[in-house]
2 protein chains.
Amino acid sequence: MSALASSNQEGEPQGPAFSPLYRQIKALILRSLQGGEWKPGEAIPSEVELAARFKVSQGTVRKAIDELATENLLVRRQGKGTFVATHAEEDIQYRFLRLVSDAGRRPAPTQREWLDCRRLRSPAEIARGLGLGPGDPVIQARRLLRFDGRPVVLEDIWLPGTLFKGLTAERLAQYRGALYAFFEAEFGVRMIRAEEKVRAVAAGALEAPLLGVSEGMPLLSVERRALTYGDKPVELRRGLYDTSAHHYRNELS
Amino acid sequence: MSALASSNQEGEPQGPAFSPLYRQIKALILRSLQGGEWKPGEAIPSEVELAARFKVSQGTVRKAIDELATENLLVRRQGKGTFVATHAEEDIQYRFLRLVSDAGRRPAPTQREWLDCRRLRSPAEIARGLGLGPGDPVIQARRLLRFDGRPVVLEDIWLPGTLFKGLTAERLAQYRGALYAFFEAEFGVRMIRAEEKVRAVAAGALEAPLLGVSEGMPLLSVERRALTYGDKPVELRRGLYDTSAHHYRNELS
DNA sequence: GAGTGGTCTAGACCACACT
DNA sequence: GTGTGGTCTAGACCACTCC
């Protein structure tokens with residue numbers, strides 16, 4: 001028997017149904033992750049250790065970890081241990097970037113150019129998307145991604161100012177590697193999942209020259225809302241993709 | 001002990017690594033699904049029954065079914081049984097349609113209009129995508145989807161002629177419900193998963209009037225390749241979406 | 001109450017990585 | 001060899017559905 005909340009004895013009539021033990025364990029592990037007890041890239045305690053700590057069987061811990069692994073919060077490595085997922089991993093970088101060259105290669109941007117980075121008071125729409133009050137400080141940055149020298153992606157990024165204190169254009173320009181790895185290492189902000197809204201739009205007079213296309217040219221507009229633990233939004237992004245030699249790839253199942 | 005291929009005793013030096021029992025069970029269940037032993041919507045035998053049939057423990061069958069369930073091939077229903085997934089289910093219809101109204105509603109098309117349906121010899125590009133020889137018979141159909149009366153999606157669909165014998169414009173027009181449910185019920189073809197390539201394009205002179213937009217207007221081009229068992233391609237689709245009041249929604253994780 | 005999937009346990013053994 | 005995750009088993013009990 002574990003020391004955890006046992007089944008559903010009594011309780012309010014409209015109780016939240018029934019939560020199996022392994023989900024309670026999962027919630028505990030999640031809290032440790034969120035609280036930073038184990039840092040991204042580090043190993044968490046072994047299954048037997050956790051089983052002992054929580055006073056449950058190894059199988060129950062396993063099932064909790066299984067779910068966290070399929071949610072990409074943990075990574076299991078046979079023979080080595082279970083590790084906190086990180087955007088710094090070579091093969092996980094640009095995990096959220098769905099852009100692929102028409103030849104099928106999944107390109108890492110060959111060049112990133114920061115065009116702007118400023119702090120300002122949040123416009124109402126941005127504040128709403130980030131769950132902030134209107135007028136709260138936000139950081140806005142703009143960058144251009146090139147593939148094989150050609151500009152393909154123009155992105156505007158909004159971040160909550162309080163979470164990303166000290167973020168400057170210099171530090172952005174300096175960092176090599178994926179942006180989310182940077183956020184993780186420098187600000188302790190982990191992107192867990194994201195939602196995107198994709199549309200076709202016409203290139204505006206301001207953006208067109210940056211992407212090297214003519215005004216009115218169709219571009220892919222990709223609005224992203226990235227979330228961290230507890231589904232808290234921590235980034236808004238609006239990308240304009242030139243899809244004349246690339247496309248947005250998606251798997252349905 | 002089971003009667004199945006036991007671990008990796010000897011074998012060719014470059015054996016395919018190691019296949020756990022539950023994966024072999026999974027493969028067997030998959031074969032039965034593919035062979036039509038259980039039809040879409042029907043219940044498969046209970047876990048204990050399958051365990052007896054395959055001479056393994058219930059836990060092993062469970063793990064096999066677990067994987068098939070996460071791949072959306074089976075659906076578990078506590079207390080009732082495990083069922084073969086079907087596109088005919090109310091809440092699974094339009095499972096692959098990522099289009100959402102900007103208000104956030106996930107619309108079932110209020111009207112579907114078939115504009116064309118013909119048999120022809122496959123163009124080279126289509127044949128390649130469907131894994132056919134050039135000149136093999138294919139069916140091409142075109143339809144328009146309306147939401148709240150407004151045309152939003154114009155789709156061209158290509159199907160292998162041999163798999164969809166007897167498909168006519170009349171039968172298409174007659175059927176109510178999702179297209180994939182129709183394919184499943186009438187031709188025994190089950191769509192398992194799909195890949196999509198999304199781009200922004202300009203409305204052409206021919207398509208623009210059908211969608212009620214002006215020529216040159218940016219549209220979302222969605223190319224889909226749908227696969228059945230064994231990753232065999234059985235449908236190509238090219239949709240043009242008017243994204244002025246709708247968008248393509250995607251979840252990243 | 002009978003049957004189904006869902007949870008939890010305890011223990012044995014296998015595959016893999018490090019040392 | 002030791003420790004880690006991965007597989008497999010057998011059995012008990014729980015939650016849900018239907019009769």
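Within every chain, numbering begins at 1; the chains are lettered A, B, ... in the order of the sequence lines, protein sequences first and strands thereafter.
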Any idea how A:F183 and A:F164 line up, ring-wise: parallel (<30°), tilted (30 to 60°), or perpendicular (>60°)?
perpendicular
For the pair B:Y180 and B:H87, name the ring-plane relationship: parallel under 30°, tilted 30 to 60°, perpendicular over 60°.
perpendicular
What residues, two or more places apart in sequence or in another chain, satisfy ring-ring contact (aromatic ring centres under 6.0 Å, His included) together with B:F147?
B:H246
Mind running side chain to side chain contact (heavy atoms under 4.5 Å, CB included) on B:F54 and B:I29 for me, showing each step along the way?
CA-CA 10 Å; B:F54 297 133; B:I29 297 176; 4.1 Å; yes
Charged N to carboxylate O under 4.0 angstrom, A:E223 versus A:K197?
no
Answer yes or no: is there an ion pair linking A:R23 with A:E67, defined by an N-O contact shorter than 4.0 Å?
yes
Integer-rounded Å distance: [N] [atom2] and [X] [atom1]:
X     : N      : atom1 : atom2 : result
B:Q58 : C:dG5  : CD    : P     : 8 Å
A:Y22 : C:dG5  : OH    : C1'   : 12 Å
A:K55 : C:dA10 : NZ    : P     : 13 Å
B:L21 : C:dA15 : CG    : C1'   : 15 Å
A:R76 : D:dG3  : CZ    : C1'   : 15 Å
B:R23 : D:dG6  : CZ    : C1'   : 11 Å
A:F54 : C:dC8  : CZ    : C1'   : 16 Å

Closest of D:dC8, C:dC8, C:dT9 to the A:V56 side chain is C:dT9
B:Y248 and B:E196: side-chain donor and acceptor closer than 3.5 Å?
yes
Are side-chain N/O atoms of A:T86 and A:E184 paired as donor and acceptor at under 3.5 Å?
yes
So, applying salt bridge (charged side-chain N to carboxylate O under 4.0 Å, His left out) with A:E195, which one of A:R225, A:R237, A:R224 is it?
A:R225
Only pairs at least two apart or in different chains count here, so list each salt bridge (Lys or Arg N to Asp or Glu O under 4.0 Å) that has a residue in residues 31-44 of chain A.
A:E37-A:R53
Expected output: side-chain [X] to main-chain [Y] donor-acceptor under 3.5 Å:
X      : Y      : value
A:T228 : A:R190 : yes
A:R143 : A:R112 : no
B:Q24  : B:S19  : yes

Hey, does the side chain of B:R77 come within less than 4.0 Å of C:dG5's phosphate (OP1/OP2), counting only N and O?
no
Identify the two heavy atoms, one from B:E155 and one from B:L145, that lie closest to each other, and give their separation to 0.1 Å.
OE1-CD1, 4.3 Å
Counting Watson-Crick and G-U wobble pairs with both distances under 3.5 Å, what is the dot-bracket string for DNA chain C, 5' to 3', using [ ] for crossing pairs and | for pairs to another strand?
||||||||||||||||||.
Those residues of residues 44-53 of chain A lying under 4.0 Å from DNA chain D by at least one heavy atom
A:S46, A:E47
Name every residue in residues 59-75 of chain B that has at least one heavy atom under 4.0 Å from any atom of DNA chain D, in order of residue number, or write none if there are no such residues.
B:T60, B:K63
What are the atom names and distances for every N/O pair under 3.5 Å that joins the protein to nucleotides 16-18 of chain D?
| from | atom 1 | to | atom 2 | distance (Å) |
| --- | --- | --- | --- | --- |
| D:dC16 | O4' | B:Q78 | OE1 | 3.4 |
| D:dC18 | OP1 | B:K80 | NZ | 3.4 |

